[in-house]
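Shown next, in structure tokens, is the structure this report addresses.
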Amino acid sequence: MPQIAQLAETYSSQIFWLLVFFGITFFLIGRGMVPKVMGTVELRDKQIADDLAAAQAARDAADEQEEAWRARENENRAAAQALIADAKGKAAASTEERLGEAQQRIDSQIADAEASIAAARRDAMTEVETVAAEATQDILARLAGAKVDKRTARSAVKKALAQ
Amino acid sequence: MAAEAGKVDPMKQFQIEPLFGSETWELAGGFNIAFTNSALWMMITTILLWAFVFGGMKRELVPGRWQMAVESFTGFIDDMMEANVGKEGRKYVPYIFSLFMFILFANLLGLMPIGVFGLHPFTFTSHFTITGVLAIISFSIVLVVGFWKHGIKFFTLFVPHGTPIAFVLPIALIEFVSFLIRPFSLALRLFVAMMAGHVLLKVLSSFVIDGINNGAGTGLIVSIPSFALMVAISALEILVAGIQAYVFALLTALYINDAEHLH
């Protein structure tokens, strides 16, 4: 086994050259080049992350604006609805008022008319009664020669009319 | 060992040979630092790894395939550290990445079929001198981080939460031993896995060659099934190359987690 057989004569050369070449590998490649390679990777990752973050921010901003627009839109819509409701309410109120007034006028006219009708009927009734009483007195005076005073005649007429 | 002509020595692939007449190179203390085939493959690994990562450095916003591949590897290590250590794990990514990719490239390069062109791939991760040093580096990081962050409280790592008082001593002892074994298991696992696979492939290839040399009959019976097995085991070895690199990196991550958070 040359590893052991040649150990005494070669160990120093092996160790020396290993230290030389592994030293070169470590200091030149490991310390010198690897950090740069990793730096490139990091830079790229950072750039990608930044781009993603920017895209996310833009999307958030867009969402925010849409939200704001939506809120404004809703506000406007609500305001419009309120306006319409207000106008509707006012219109309904004024209609009702006018209707009420008209109703009142009509009601008072009806009441007046009914009152005048009732008065007319009462007058007419009185007239009829008076006429009937006079007629009864006349008839009685002519047929029976009996004199009946006005009151008796009237009560008799009333009795007859009520039947 | 490889003197016998026509024989395949399954161990020869692990032989270390100085290249370019560098066997006399020495450091001040008399340490030999010959530029061997092992060092050559470390150099190739480093260069290819550098080229691989460099191809992914275009820093484009929309990555190409190459950049994507490099980024998936760094991302893989990053995720592993994040999952096993947490936020503090990120500062170890350069080390774990270097460790994982260095071992992965070494393992895979050792499997390259460049023997076809008369070259010899050398898997330096099949040497415990190499895996041992890597394991010691990982273990040192654990120790340094542990004592740096927690000071003397780092020793509470050896007493898991809710241990009954009577068992504190034996359990601390067991935990301590298992803690000390970590660098050895880390080093040996990789070294053994890589070596075993390569030896197996070489043994099977010797079956193929010897079978054919013995005549058409044995060639048919021995060589063809052996060759089929070699193909299958080569595929398995590619898997093992990845898994062992991953295991080494993952265990280092777990040990670092212990050092960062205790239990």
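To find a chain, count down the sequence lines: A is the first, B the second, and so on, and within it residues start at 1. A quick note: this is a predicted structure, and the numbers were derived from the prediction, not measured.
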>> A/T40 vs B/E71, test: side chain to side chain donor-acceptor pair (under 3.5 Å). Steps then yes/no.
In response: CA-CA 9 Å; A/T40 310; B/E71 281 174 4; 5.1 Å; no
>> For the CG atom of B/L49 and the CD1 atom of A/I29, what is their distance to the nearest 0.5 Å?
In response: 4.0 Å
> Above 12 or not: heavy atoms from other molecules or residues under 6.0 Å from CE of B/M68?
Replying inline: no
>> For A/Q104, I'd like to know if atom CD has over 12 heavy atoms of other residues, nucleotides or ligands within 6.0 Å.
In response: no
For [X], which atoms come within 4.5 Å of any heavy atom of chain A: side chain, backbone, both, or neither?
{"X": "B/V93", "value": "side chain"}
{"X": "B/F191", "value": "side chain"}
{"X": "B/M101", "value": "neither"}
{"X": "B/Y95", "value": "both"}

> For A/I48, is it the side chain, the backbone, both, or neither that has a heavy atom closer than 4.5 Å to a heavy atom of chain B?
Replying inline: neither
> Between A/L18 and chain B, which part of the residue has a heavy atom less than 4.5 Å away: side chain, backbone, both or neither?
Replying inline: both
> Are the side chains of A/F22 and B/L99 in touch, meaning some heavy atoms are under 4.5 Å apart?
Replying inline: yes
>> I want to check something: taking the side chain as every heavy atom from C-beta on, are B/W50 and A/L28 in contact at a cut-off of under 4.5 Å?
In response: yes
>> Sub-4.5 Å heavy-atom contacts with chain A: which residues of residues 134-147 of chain B show up?
In response: B/L134, B/I137
